[in-house]
Visitor: 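Sharing a structure with you now.
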2 protein chains.
Amino acid sequence: MSRATVSRVVNGVRNVAPGIQQAVRDAVARTGYTPNQAARSLVTRRTGTVALVLSATGRAFAARVFSDPFFGRVVDGVLPVLRERTIQPVMLVAESEEARAQLVEYLRQGGADGALVVPLDADDPLPAMLVAADVPTVLFGRPHDSTRCGFVDLDNTAGARLAAEHLWATGRRRPATIAAPVSAPTAPERLDGFREAFAARGVTSVPVVRGRFSVDSGRRAMARLLKEHPGIDGVFAANDLMAQGACQYLREEGIAVPGSVAVVGFDDSVAARRAQPQLTTVRQPVERMAAAMARLLVEELTGGRPESDRQPHEPASKLFEPVLVVREST
Amino acid sequence: MSRATVSRVVNGVRNVAPGIQQAVRDAVARTGYTPNQAARSLVTRRTGTVALVLSATGRAFAARVFSDPFFGRVVDGVLPVLRERTIQPVMLVAESEEARAQLVEYLRQGGADGALVVPLDADDPLPAMLVAADVPTVLFGRPHDSTRCGFVDLDNTAGARLAAEHLWATGRRRPATIAAPVSAPTAPERLDGFREAFAARGVTSVPVVRGRFSVDSGRRAMARLLKEHPGIDGVFAANDLMAQGACQYLREEGIAVPGSVAVVGFDDSVAARRAQPQLTTVRQPVERMAAAMARLLVEELTGGRPESDRQPHEPASKLFEPVLVVREST
DNA sequence: GAAACGTGGGAGAGCGCTCTCCCGAACCTT
DNA sequence: AAGGTTCGGGAGAGCGCTCTCCCACGTTTC
């Protein structure tokens, strides 16, 4: 029997007589034969693999990533989409500049067919590097520079506006906000959206303290806010973890939530439900966004580009709308 | 110029005249040439890649993994070791039975040179599957069955004993423990170690409630413990997150920590320092253990086995001793 | 000055697959 | 019954590297 026939059976291409098919399968099972991935991708120019890249500069890498439920949600969203298509998901991390270079090299050498990138900093150079290296790439969050690649994004401005309008509607007139770190991609939108919505209603001064997305930083931010602006009656935090921290601090200080101060979070992560009180928050459908991101990439990969008309790129993207979820903290 | 010369320059093997070397480098830079990884591994039978595998059965996969600082510490420990040797780390997850099968297939086809496995359940079949598939494997935690492969482990019994002895030494005579989920690999050792140490001192009845490694489950466990055994004066939790939850609950109920009830955690993760009060805890050097795990695998991979004397396996392993860290909660 | 040696570079054989031909046999069609 | 049309299977050419020969040239040695 020829290699060709075996190949046909294994890959399920063309017709092979059932008898022969069975014979091949038996032989495969008997000998424990495994096709060599390297040889296969050498000719197919495919690895059947997609990289999920987590990019964060600076230290305390793991602490940043593995304490926030956010990335877990991304993983949860991406996995089913890839599994369903029998694409092997591999997670890559770029925790330093060297790591980033190594990673780009790995991908351009064909380590994976494409990359799903979750940048944790707005000025992350990785997306641009990948696009320059001709790696099919889809981002979580709009690319900040002119990098032309696919992405999914949330209308963060609208989300922040939702929070502001809700606080306004429930009678809060002395708002403050615990903003994201300046480096965060979503920081400006969530901050400005909140401020502008209040400005439009005549409230021009909104105290801002930056947090670092953690529960702890939320506590500290709340403490500072309260010290510098004792009259505050409504707080919008740029994620649920910080909102949770704010609530903890307020209650410890004997300040009623939502009685005296209302708190709105962002994301609607598990933390929002787990917090005491349960958080009113702006829902970001992370899992759905991540799934969409994976689908976008898969389409680009299988997009049947007939070799010739490979446009420089035609970045597809998808936008999501936030929704306000009202619970106990407002 | 021949391909061979280029290959020699790129891989830095043998002597190549400096002039020629420069010429090659220039050409590479100019044309943006990138060697094809697939072709290379086809002949070298190496990918230059090591997989860090996270295996967890059951649902809420991401929630389990990305909310506990534990896995982040493993990553932090593994990365430097691999980076230093320019081995590309790829993280793989086995979140379902299918995923597990797919993953094993991927690795035996040569998707990576070896696997570092962190099983979250004691009865995880993955390690055995990998060993059966001839994938060089090193585990975090002693293999539960007769799987012959390398591993690193902590003396969990000794750790639990440390906690017990400390509680005893500080005058606690009515201990209780918030144990790990039955499925956790470390559950029996940490539980039995604690009980036996007290039994040796004449305290035979130690109430046990199972938690799920989360802050929340720690709170609930503490609540139940207190309700069913109001006299408790010392609690040992199987990880810091649960200890933190226990402290939170106790303080909310107006019970002084460590005044009325002392609390000891396990791991010495960031959560221990962040908790209020700061946790007395049994230190598990996760980063060092993870680094050792990576080194063990690298040695097995580069271990110069001269092809012929490939023993069935000679599993190397390394054991670590826990240390008690006394802070404010006792 | 000839033989021995070392050193840099080319030729070419694979690595293990996939995939395009191509050919023989069986099945229709008129 | 002769031609055309499937259909199943084999042969063999690569995919892009690495690595072992092997050869040509310069350098040393007696």
Side-chain angles (χ1 to χ4, degrees), chain A residues 1-49 86-88 105-113 133-135 301-302 304-308, chain B residues 1-49 86-88 105-113 133-135 301-302 304 306-307:
Chain A
M1 189 166 311
S2 79
R3 302 186 302 281
T5 307
V6 176
S7 177
R8 279 195 278 264
V9 171
V10 173
N11 295 310
V13 226
R14 266 188 44 179
N15 291 336
V16 176
I20 302 260
Q21 250 182 69
Q22 200 49 52
V24 172
R25 286 189 206 294
D26 285 353
V28 166
R30 190 154 24 82
T31 56
Y33 164 82
T34 301
N36 179 313
Q37 181 56 43
R40 184 179 280 189
S41 17
L42 180 57
V43 40
T44 58
R45 320 204 136 276
R46 273 294 161 80
T47 62
T49 283
T86 56
I87 295 172
Q88 176 70 36
E105 197 53 22
Y106 177 72
L107 289 179
R108 75 186 302 226
Q109 291 185 2
D113 296 338
D134 255 334
V135 178
L301 256 28
T302 58
R305 305 258 181 293
E307 303 262 342
S308 50
Chain B
M1 188 168 309
S2 79
R3 303 186 300 283
T5 308
V6 176
S7 178
R8 278 195 280 264
V9 171
V10 171
N11 294 312
V13 224
R14 262 188 45 177
N15 290 335
V16 177
I20 301 260
Q21 246 181 72
Q22 198 50 51
V24 171
R25 287 191 205 292
D26 286 353
V28 166
R30 192 155 23 82
T31 55
Y33 165 82
T34 302
N36 180 313
Q37 181 56 42
R40 181 178 285 190
S41 18
L42 179 56
V43 42
T44 58
R45 315 196 145 281
R46 272 292 161 82
T47 62
T49 283
T86 56
I87 295 173
Q88 177 69 38
E105 196 54 20
Y106 176 71
L107 289 179
R108 74 187 302 226
Q109 290 185 1
D113 297 337
D134 253 334
V135 177
L301 256 28
T302 58
E307 304 260 340

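The structure displayed is predicted, hence computed values, not measured ones. Chain identifiers are assigned alphabetically (A, B, ...) following the order of the sequence lines, protein sequences preceding nucleic acid strands; residue numbering begins at 1 within each chain.
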Visitor: Once you round it to whole Å, what is the distance between P of dT18(C) and CG of Asn36(B)?
Guide: 16 Å
Visitor: So which nucleotide from dC17(D), dT18(C), dG16(C) ends up closest to the side chain of Arg40(A)?
Guide: dT18(C)
Visitor: Going from CD on Glu105(B) to OG1 on Thr34(A), what distance comes out if it is rounded to the nearest 0.5 angstrom?
Guide: 5.5 Å
Visitor: How close do Gln37(B) and Gln109(A) get, counting heavy atoms only, and between which atoms?
Guide: OE1-OE1, 3.1 Å
Visitor: Counting side-chain heavy atoms from CB outward, which of dT18(C), dC17(C), dC17(D) is closest to Thr44(A)?
Guide: dT18(C)
Visitor: Could you state the CD-P distance from Gln109(A) to dT18(D), rounded to the nearest angstrom?
Guide: 10 Å
Visitor: Starting at atom CG of Leu42(B), determine the distance to atom P of dC15(D), rounded to an integer number of angstrom.
Guide: 14 Å
Visitor: Is any side-chain nitrogen or oxygen of Arg45(A) closer than 4.0 Å to OP1 or OP2 of dT18(C)?
Guide: no
Visitor: Of all the heavy-atom pairs spanning Ala112(B) and Thr49(B), show the shortest one and how long it is.
Guide: CB-CG2, 3.5 Å
